[in-house]
2 protein chains.
Amino acid sequence: MNANKIKEREKISCPVEYAVSVLSGKWKLRILHAIIKQSPKRFKELEREISGITPTMLTAQLRELERDGIIEREIFATVPPTVEYRLTEFGKTTAPMMHEIKNWGLKLQALNAVLKSNGKSTA
Amino acid sequence: MNANKIKEREKISCPVEYAVSVLSGKWKLRILHAIIKQSPKRFKELEREISGITPTMLTAQLRELERDGIIEREIFATVPPTVEYRLTEFGKTTAPMMHEIKNWGLKLQALNAVLKSNGKSTA
DNA sequence: CTGGATCCCGATTGATACTG
DNA sequence: CAGTATCAATCGGGATCCAG
């Protein structure tokens with residue numbers, strides 16, 4: 001259960017482990033990244049932007065991020081229904097971290113591109 | 001298979017997804033954090049510092065980090081055997097990211113401590 | 001001490017079908 | 001459009017045993 005996950009989290013002392021316990025998984029960071037880039041964001045927009053994710057997973061992950069106080073959900077009683085997601089004030093504190101992660105991802109991509117093109121040359 | 005994981009990675013364009021593909025899992029970031037704090041670090045020291053990890057997992061994760069060019073391993077033919085792990089030059093580029101992650105973890109812990117004391121006491 | 005090889009479980013995830 | 005429910009399959013990760 002979810003409540004269990006929360007209980008487990010309370011035992012954690014290491015800040016890194018704590019952050020991981022909230023952000024781990026294939027999708028959380030990408031969702032966060034997408035919402036940081038443009039907020040608010042609708043369900044469908046997220047689904048399109050995060051290639052490979054299924055609606056089921058997107059819903060589940062969004063619920064967890066909401067429960068953890070990082071994003072908030074606003075429902076509009078329109079037809080068809082509209083739901084917007086945006087960062088909470090606390091959620092905005094992830095921005096520097098996300099920036100560094102993205103940044104490092106770029107370095108990593110660049111490095112691997114080089115390694116690949118070298119393949120077997122130089123050394 | 002591992003080679004497969006590498007192949008998959010080549011298709012990724014999003015930097016965040018790329019970073020996640022290398023760092024995801026329960027242990028990678030904690031291992032990195034431990035080695036950043038003090039380098040070089042021996043196998044046993046890592047095992048002690050990263051509470052909960054088993055030698056099997058520690059080995060597996062270290063191998064992946066090594067393969068991804070983030071850490072390097074040095075073996076000393078002593079009795080008993082000694083192995084030291086340290087960051088590569090590229091591995092050092094994770095420092096700002098790790099700093100932000102740790103930092104955010106601290107904020108998160110602080111927030112949840114408040115939420116808990118509100119929700120519980122006073123009641 | 002370091003860590004390779006197996007086996008195995010259960011949480012995580014995906015596919016599908018359905019609803020307000 | 002924005003989900004929910006269910007079921008099945010996969011895979012990360014733990015336990016155990018073994019070796020240099």
Side-chain angles (χ1 to χ4, degrees), chain A residues 1-9 12 17 20-31 34-35 39-68 71-86, chain B residues 1-9 17 20-31 34-35 40-68 71-86:
Chain A
M1 251 341 146
N2 256 344
N4 222 326
K5 209 167 169 184
I6 302 286
K7 285 293 175 191
E8 288 304 313
R9 195 173 293 160
I12 300 174
E17 183 180 359
V20 168
S21 80
V22 171
L23 299 176
S24 72
K26 275 160 66 178
W27 307 113
K28 294 274 181 68
L29 288 175
R30 293 184 67 193
I31 294 172
I35 299 183
S39 176
K41 208 144 212 163
R42 297 179 49 191
F43 188 89
K44 200 65 177 180
E45 293 177 316
L46 287 169
E47 189 182 347
R48 264 195 299 267
E49 191 162 332
I50 303 169
S51 60
I53 197 168
T54 58
T56 308
M57 280 314 295
L58 183 52
T59 298
Q61 304 292 300
L62 284 168
R63 289 288 177 285
E64 288 194 22
L65 287 171
E66 189 185 359
R67 188 206 57 197
D68 289 331
I71 63 174
E72 53 195 8
R73 187 161 66 124
E74 190 177 4
I75 304 171
F76 299 92
T78 54
V79 175
T82 301
V83 178
E84 287 183 356
Y85 294 90
R86 74 193 70 220
Chain B
M1 198 58 87
N2 253 344
N4 222 324
K5 208 168 169 183
I6 302 286
K7 285 291 175 193
E8 288 304 313
R9 196 174 291 160
E17 183 181 0
V20 167
S21 80
V22 171
L23 300 175
S24 71
K26 272 161 70 177
W27 307 113
K28 293 274 181 68
L29 288 174
R30 292 184 68 193
I31 293 172
I35 300 184
K41 209 143 211 164
R42 297 182 48 195
F43 188 89
K44 200 64 177 180
E45 293 177 315
L46 286 168
E47 189 182 346
R48 264 196 300 269
E49 190 162 332
I50 303 168
S51 60
I53 197 169
T54 58
T56 308
M57 280 313 295
L58 182 52
T59 298
Q61 304 292 298
L62 284 168
R63 288 292 174 284
E64 289 194 20
L65 287 170
E66 190 184 357
R67 188 205 57 198
D68 290 331
I71 64 174
E72 53 194 9
R73 187 161 66 124
E74 190 177 3
I75 304 172
F76 299 91
T78 54
V79 175
T82 301
V83 178
E84 287 184 355
Y85 294 90
R86 75 193 69 222

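The sequence lines fix the lettering, A, B, ..., with proteins before strands; numbering per chain opens at 1. Owing to the predicted nature of the structure, the values given are computational and were not obtained by experimental measurement.
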**Item:** Whole-Å gap separating C1' (C/dG4) and CD (B/E64)
**Value:** 15 Å
**Complete:** For B/P55 and B/E47 the tightest heavy-atom approach is CG-OE2, 3.5 Å
**Message:** Side chain of A/T59, heavy atoms from C-beta onward: which of D/dG13, D/dG3, C/dG3 has the nearest atom to it?
**Reply:** D/dG3
**Fill in**
Residue pairs meeting salt bridge (charged side-chain N to carboxylate O under 4.0 Å, His left out), one or both in residues 48-62 of chain A, sequence neighbours left out, come to A/K37-A/E49, A/K41-A/E49
**Separation of C/dA5 P from B/R63 CZ (nearest whole Å)** = 10 Å
**Item:** Rounded distance (Å) that lies between atom P of C/dC1 and atom CZ of B/R73
**Value:** 17 Å
**Request:** Would you mind reading off the distance between B/L62 atom CG and C/dT2 atom P, rounded to a whole angstrom?
**Result:** 11 Å
**Item:** From D/dG14, C/dT2, C/dT13, nucleotide with atom closest to B/M57 side chain
**Value:** D/dG14
**Message:** The criterion is salt bridge (Lys or Arg N to Asp or Glu O under 4.0 Å); which residues satisfy it with B/E72, sequence neighbours excluded?
**Reply:** none
**Request:** Rounded to the nearest angstrom, tell me the gap between atom CG in B/L58 and atom P in C/dG4.
**Result:** 11 Å
**Message:** Can you identify which nucleotide, out of D/dA2, C/dG4, C/dT2, has its nearest atom closest to the B/V83 side chain?
**Reply:** C/dT2
**Prompt:** About how many Å separate CD1 of B/I31 and CD1 of B/I53, when rounded to the nearest 0.5 Å?
**Reply:** 4.5 Å
**Prompt:** Rounded to the Å, how far apart are A/K41 NZ and D/dC1 P?
**Reply:** 16 Å
**Message:** Expressed as a whole number of angstroms, how long is the span from B/I71:CD1 to C/dT2:P?
**Reply:** 14 Å
**Those residues of residues 44-56 of chain B lying under 4.0 Å from DNA chain D by at least one heavy atom** = B/T54, B/T56
**Message:** Looking only at the side chain of B/Y85 (C-beta and beyond, no hydrogens), which of the listed nucleotides C/dC1, D/dC1, C/dG3 gets closest?
**Reply:** C/dG3
**Complete:** Tightest non-hydrogen contact, residues A/R42 and A/T82, listed as NE-CG2, 3.6 Å
**Complete:** NZ of A/K28 to CD of A/Q61, rounded to nearest 0.5 Å, is 5.0 Å
**Asked** If you round to the nearest 0.5 Å, how far is OG1 of A/T54 from CH2 of A/W27?
**Response** 7.5 Å
